Amino acid sequence: MDKHYDAKAVEEKWYAWWEQHGCFHAEPGDGGVPYSVVIPPPNVTGILHMGHALNQTIQDVLVRWRRMSGFNTLWLPGTDHAGIATQNVVEKALKKEGKRRQDLGREAFVERVWEWKRQYGGTIVHQQRKLGNSTDWQRERFTFDEGCSKAVAKVFCNLYDEGLVYKGNYIVNWCPRCGTALANDEVEHEPNHGHFWYIRYPVVDSDKGAAGEPYQDYVMVATTRPETLPGDTAVAVNPKDERYAHLLGKTVILPLTGREIPVIADDYVDREFGTGIVKITPAHDPNDFLVGKRHDLAEINIMNGDGTMNELAGAEYCGMDRFKCREAIVADLEAGGYLDHIEDLDNQVGHCYRCHEVVESRLSKQWFVKMKPLAEPAIEAVKSGEVRFVPDRWSKIYFNWMNNIQDWCISRQLWWGHRIPAYYLRGNEESVFVAETAEAALEKAKNATGDAALTLADLEQDPDVLDTWFSSWLWPFSTLGWPEKTDDLDFYYPTFDLVTAQDIIFFWVARMMMAGIHFMKKPPFKNIVIHGIVRDAQGRKMSKSLGNSLDPLELIEAYSADALRFSLALITSLDCDTKVDKEKFEIGRNFGTKIWNAARFMQMHAEKVPGFSFAANAGDRLVLNSGLLTADDRHLLLKCERVAAQITALLEKYRIQDGALAIYDFIWTDFCDWYLEYAKTGLYGEDETRRAQLLAIMANVFSRALRMLHPYMPFITEELWHQMGYGADGESIMTAPWPAAFADGDKQSWGLTDTVFNYVEQKRELVSAGRALRSNYNVAPAKFAHFIIHVADQASADLINADAESLKTLLRSDRLDVVTEGEKKAMPSSLVRLGTIYLPLEGLVDVAAEAARVKGELDKARGFLKGVEAKLGNAGFVAKAPAAVVEQQRAKQAELTETIAKLEKLYQAFTA
RNA sequence: GGGCAAUUAGCUCAGUUGGUUAGAGCACUACCUUGACAUGGUAGGGGUCACUGGUUCGAGUCCAGUAUUGCCCACCA
C-alpha cells in the first residue's frame, strides 16, 4: 500500500468502475423489497452548491445503507428544465450576439435552448458524480423529456376535464424583466426605503360648483405608487369612518386626468393608516382588484408587460418606464398643486425570485389550478400518519399552508417549457379545446362546431407554457413511466423517502403529495425528510452576491469527496440549519488518513504471516486457528457488534449525524487508539499463533467497520476493501452485506459476555489513571518505575497479569506490577496510593502540590457524596424513582465513601 | 401582524420518552520527533445549560412568562 492516500485518483477510478459495472442500476426483477428515492432534480442550468452536497449526502447514506441491507434499491436522478432560469441563460447568450429571442422566433429559440441543454446541461450531473452519488444514471430523467412531457399534457387535460383547471382574469405577480407571471411564492418580499406621497383629489360638490370650477374641498390620498394614478377608478374609505361619511356617494376628480371617480366605502381600508383614504387601482394592485370586483369598478390597465406605460396612462406618459413615470407624475402633480407633501416610508416590496426585478401586479388572463379539492386528501394523508414528516414539526407548517391554499397560477409567458395543450379557433379565444395533441383538439373542435371542414390550420395553440413546477410535481411517477402502466411504476411507486430542504416544502413537496394522491391514488412517498439550509460560519445564507459560498468541488479537490460527505454528515442535524466553515472538512480528511494508516499497519504485520488472508476472516464468522481470545479481543468484537446494531437503529430514525459519530468513535477510539495499541505486544512478539489470531480478529472487525462506514465514505472504503483483499473476486463493497450480529453459538464459544466487556472497560480506566499520573508528574516513560495496580483478589490479578505485557505497552512503562490485597501489605511505604494505582513517592512527587491536588479531589468527592446522600435520604426518591436508579445511587454512595477514605489516608500521607 | 424554531464550553453543535459528577469536534495548555498515522498520541483547563417563576422526590429535559436571535407566511395603500 502507498504511504499516502491519493483521494483524487481513487475517487475517479471507483466512480467509473461502479458506473461501468452497473452497481447503481436497479430493476424490479432483481428481487428484494423495494426501496426507492427520487432525487430533487436540480435546475439544468445549475452548478453544484453546498445545499446539493448536503442533500445528496443524506440521500446517498440512506440509499447505500439500504442497498447493503438487501433492499432492491433505486435512486433515480434527473434535472429540471427550469423555465425562467434556462430561458434567461440563453437570452443572455443571445444578447451577446446582439439578438433578442423575438429575432429568432419561437421555434428557433426553443431549438436554441435545446442546443444549449445538450451542450451545457450536463454540468451538474457530472458534478454530482464527483460527490459519489449512487444514482441509477441509466434512468436519468429530464422534466422536459418526452415521457415527462406526455405526463404533463395528460395531467393538464385530466384536470381540465375534471374542472380543476380554469382560465381566469386575475391580478398576477408579473416580472417585467422576465415578461411572465409569477406564482405568489415566486415573489420575495424585501424591505424597501420608499416614500409616501400625499396627493389632493378635489371633491366634486354639486353645492359648491360643477366639475371644472375652482375647488373648495379635496380629499387627501396617500400612496407609495403615484405612477399608477392614471389607473385609479375610485377612492375608498372605511364605512365606519365618520370623518369621511359625508363624502360617500360623491365623486372626486382624478388629478392630471380630469376624470371623475366615485368615493366608495370598503372594509379593506384601514382607518389608522395613512389618511384613511385609499386610491383604488384595480388593474395594478391585488387588494384593489378585489375591491374593484366588489364595487364593480372598471379595470384600467395602464402598463405594458415590459414595465413601460401604455396609452391608457396618458399620452405624455405613454412609453415611459414605470419608475421614470413615477418621477414625471410626481413632478406634474407638484406643478399642478396636487402634491401636498412627501413622507419617508419603510415597506416591503416584492422581487422576482429568479432575476430580482421589482414585481408588478398586473391584470391578465392566466390558467389556474383549483387547489382546495387536491389539498384535502393530501392533508388527510399526513394527518393519518400514512406519510410522515421527519422531523415531525414540519407537518404543522404543511397543514398551515395546505389549509390556506390558494389557486395555483400555472401559466407562464415564456417560450421554454411545456406548452399549454389548449387550442383556440384562430382569432377566437373563447372557443377553447383542451387536448393532449393538436389532432385530438381538432376532433373536439369539429364536434363542437359541427364543422367537419376544420383543419389544423384553423387552430392556434395557447402561446403560454406551464410553470416549471407543473412538471416537477409529477416527478415521483412521471419518471417511472406514467401514464404508461410499467413494471417500474408497479414496483417502485410509491417511493420510500423524500429528502429535501425546508425551502421547497410548498413549491414542491406539498404539490407532489397532491399530484401523487390524485393521479396514482397513493401518496408518492412514506417519509418526508427535511433538512436545514447550509449557512456560512456567520450563519448567513450562502449566496453569490455575498461571496460567502463554499464550492463543494473545491472542497473535494482540497479534501476529497469522502471528507466532504463525512464532515457534512457529522456536522449536520435535521433539526436546524447547518453552519459550515472550510476548516470543518478537515475532520473528514483526517479520519480518512487515520483509516488508511490503520490499514497499512495491519498489512505490514500480515506480511509477516505467510498465507494470511484478510478475506478469509471477513465473514460473519471468525476463523480462529487456535488459542483463547483475550478479554480485549472479546471486548472489541462485542463493541463492533453493538456499534453495527446501533448504527442500524440510528439510520432507521434518520439520525445520520449520530450514525457518523458512532462509526467515527468506534474506528478511531476503540479500534485504533485502544485495540491496535493493545495488539502491538502480540504483533511484535514471538508467538506466531497469537499474531495470526490478532490479525484474524482485526481482519474481521475492520471488514465490518469498512462496511459500516461505506455509506458515509464510499470511495476510501471501496479502495481499502480491495487493498485488503476483501473484494478480491471483484466484488464491490457496495453490495457486501451490512454487518450482522454474531451467531449466538459463536458468541458463547468465543466468550463474548457482558462481564468481559465490563472488565475491559475498567481496565481502560486503570490505564487512563496510570497515564494521568505520569502526565501529572511529568515522568518520562522509562523512568516510570514501580507502576503498581492493586486489585482485590487473586483471580483478577491473574487476569491482569496475563495482559501485563499489553498494559505495559499501553502505559509505555517498563515496570508494572499487579498485586492483590494480601501482597499489598508487604509493599514499601515509599509508595503512595491513588485510587487503585500506586506511585513511587520518593524523588518524583512534588509533595505540596500533590497534597493540594488530593485535597481538591477529596473536597469534590465529599460534595458528590453529600448530593447522593441527600437523594437517598429523601423518602420520595426512594419510593418513586425506578429501583435501578436507587440501586445506582446506593452503589455510588458506597464507592464514594471508599474513595473518600482512600483519599483521606493519602492526604494524611502527604501532609504528615 | 400570524406562525415555527433556537438560546448548553471561546467557536460549531450533541444531549432519544425527566434519573449517576452535562458530552463531542475545533481552538487552548502541558508532555511525547514511541516502530500505522504529527492530518498523530497522552493528559488537562474551560459550562450556576439565556432569565424568572411553576410542576416534581428529582428539571438542560415538562409548563408558563420575559429577553435575545433566526426563519417562514401575510401584508398598510
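Chain letters run A, B, ... following the sequence lines, proteins first, then strands; residues in each count from 1. Given the structure is predicted, the values throughout are model-derived calculations rather than measurements. Note: hydrogens, waters and symmetry copies are ignored here, and every other heavy atom, side chains too, is used.
- For B:A14 and B:A22, the C1' atoms lie 11 Å apart once the distance is rounded to whole Å.
- Using cut-offs of 30° and 60° for the angle between ring planes, the A:Y5 and A:W596 rings count as tilted.
- Counting to the nearest Å, the C1' atom of B:G40 and the CD1 atom of A:I667 are 17 Å from each other.
- The CG-C1' distance, from A:N597 to B:G40, rounds to 9 Å in whole Å.
- For the C1' atoms, the distance linking B:U17 with B:G41 amounts to 40 Å, nearest Å.
- For the pair A:Y268 OH and B:G1 C1', the computed distance is 15 Å after rounding to whole Å.
- With both ends at atom P, the span from B:U42 to B:A36 equals 15 Å, rounded to whole Å.
- Comparing B:A14, B:C37, B:U42 against the side chain of A:R600 picks out B:C37 as the nearest.
- For the pair A:Y559 (side chain) and A:R589 (backbone), a donor-acceptor distance under 3.5 Å is absent.
- For the pair A:I656 CD1 and B:A14 P, the computed distance is 15 Å after rounding to whole Å.
- Going from atom CD1 of A:I397 over to atom P of B:C71 covers 14 Å, rounded to whole Å.
- For the pair A:Q502 CD and B:G3 C1', the interatomic distance rounds to 14 Å; values are reported in whole Å.
- Phosphate contact (OP1/OP2 of B:A43, side-chain N/O of A:S768, threshold under 4.0 Å): present.
- Of the possible donor and acceptor atoms, one in the side chain of A:S567 sits under 3.5 Å from a partner among the backbone N and O of A:G588.
- At distances below 3.5 Å, at least one donor-acceptor pair connects side-chain atoms of A:S560 with backbone N or O atoms of A:A563.
- The aromatic rings of A:W401 and A:F506 sit parallel, their planes meeting at an angle under 30°, below the 60° perpendicular limit.
- For A:F506, counting side-chain heavy atoms from C-beta on, the closest listed nucleotide (B:A77, B:C72, B:U39) is B:C72.
- A:Q657 comes within 4.0 angstrom of sugar-phosphate atoms only, judged by non-hydrogen atoms across all strands, and of no base.
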Contacts under 3.5 Å, N or O only, protein and nucleotides 18-29 of chain B:
from  : atom 1 : to     : atom 2 : distance (Å)
B:U21 : O4     : A:K892 : NZ     : 2.9

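- Closest to the A:W668 side chain, of the nucleotides B:A36, B:A77, B:G41, is B:G41.
- Every residue two or more places apart in sequence or in another chain that forms a salt bridge (charged side-chain N to carboxylate O under 4.0 Å, His left out) with A:E557 is listed here: A:K8.
- Nucleotides B:C4 and B:G44 have their C1' atoms positioned 42 Å apart, rounded to a whole Å.
- Going from atom CZ of A:R655 over to atom C1' of B:U16 covers 5 Å, rounded to whole Å.
- A:Y712 contributes a side-chain N or O that, together with a main-chain N or O of A:I656, makes up a donor-acceptor pair within less than 3.5 Å.
- Between B:C57, B:A36, B:A77, one nucleotide has an atom nearer to the side chain of A:V269 than all others, and that is B:A77.
- If you measure from atom CG of A:L564 to atom P of B:U39, you get 21 Å, rounded to the nearest angstrom.
- B:U48 and B:U61 have their P atoms separated by 16 Å, with the value rounded to a whole Å.
- In RNA chain B, the stems built from three or more successive Watson-Crick or G-U pairs (distances below 3.5 Å) are B:1-7 with B:67-73, B:10-13 with B:23-26, B:28-32 with B:40-44, B:50-54 with B:62-66.
- Among the heavy atoms of the strands, none lies under 4.0 Å from A:D665.
- Counting non-hydrogen atoms under 4.0 angstrom, A:T224 reaches the backbone sugars and phosphates but no base.
- Rounded to whole Å, the P atom of B:A24 lies 24 Å from the corresponding atom of B:G18.
- The backbone N or O of A:I716 lies less than 3.5 Å from a partner atom in the side chain of A:D562, making a donor-acceptor pair.
- Using a distance-only test at 3.5 Å, with no hydrogens or angles considered, no donor-acceptor pair links the side chain of A:D340 to the main chain of A:Y198.
- Side-chain nitrogen and oxygen atoms of A:R393 include none within less than 4.0 Å of the OP1 or OP2 phosphate oxygen of B:C71.
- Rounded to whole Å, the separation between the P atoms of B:C71 and B:C13 comes to 14 Å.
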Just do the side chain to side chain donor-acceptor pair (under 3.5 Å) check on A:T669 and A:D665 with the steps written out, would you?
-> CA-CA 5 Å; A:T669 307; A:D665 201 46; 3.1 Å; yes
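- At distances below 3.5 Å, at least one donor-acceptor pair connects side-chain atoms of A:D407 with backbone N or O atoms of A:M371.
- Residue A:N400 is the one, among A:N400 and A:H4, whose nearest nucleotide of RNA chain B lies closer to the 5' end (criterion: closest heavy atom).
- Separation of the P atoms belonging to B:U69 and B:C26 is 32 Å when rounded to the nearest angstrom.
- When each of A:K396 and A:T275 is assigned the nucleotide of RNA chain B with its nearest heavy atom, A:K396 is the one assigned upstream, toward the 5' end.
- You'll find that the side chain of A:A598 is closest to B:A36, out of B:C57, B:C4, B:A36.
- Aromatic ring orientation, A:F612 versus A:F614: perpendicular (interplanar angle above 60°, classes split at 30° and 60°).
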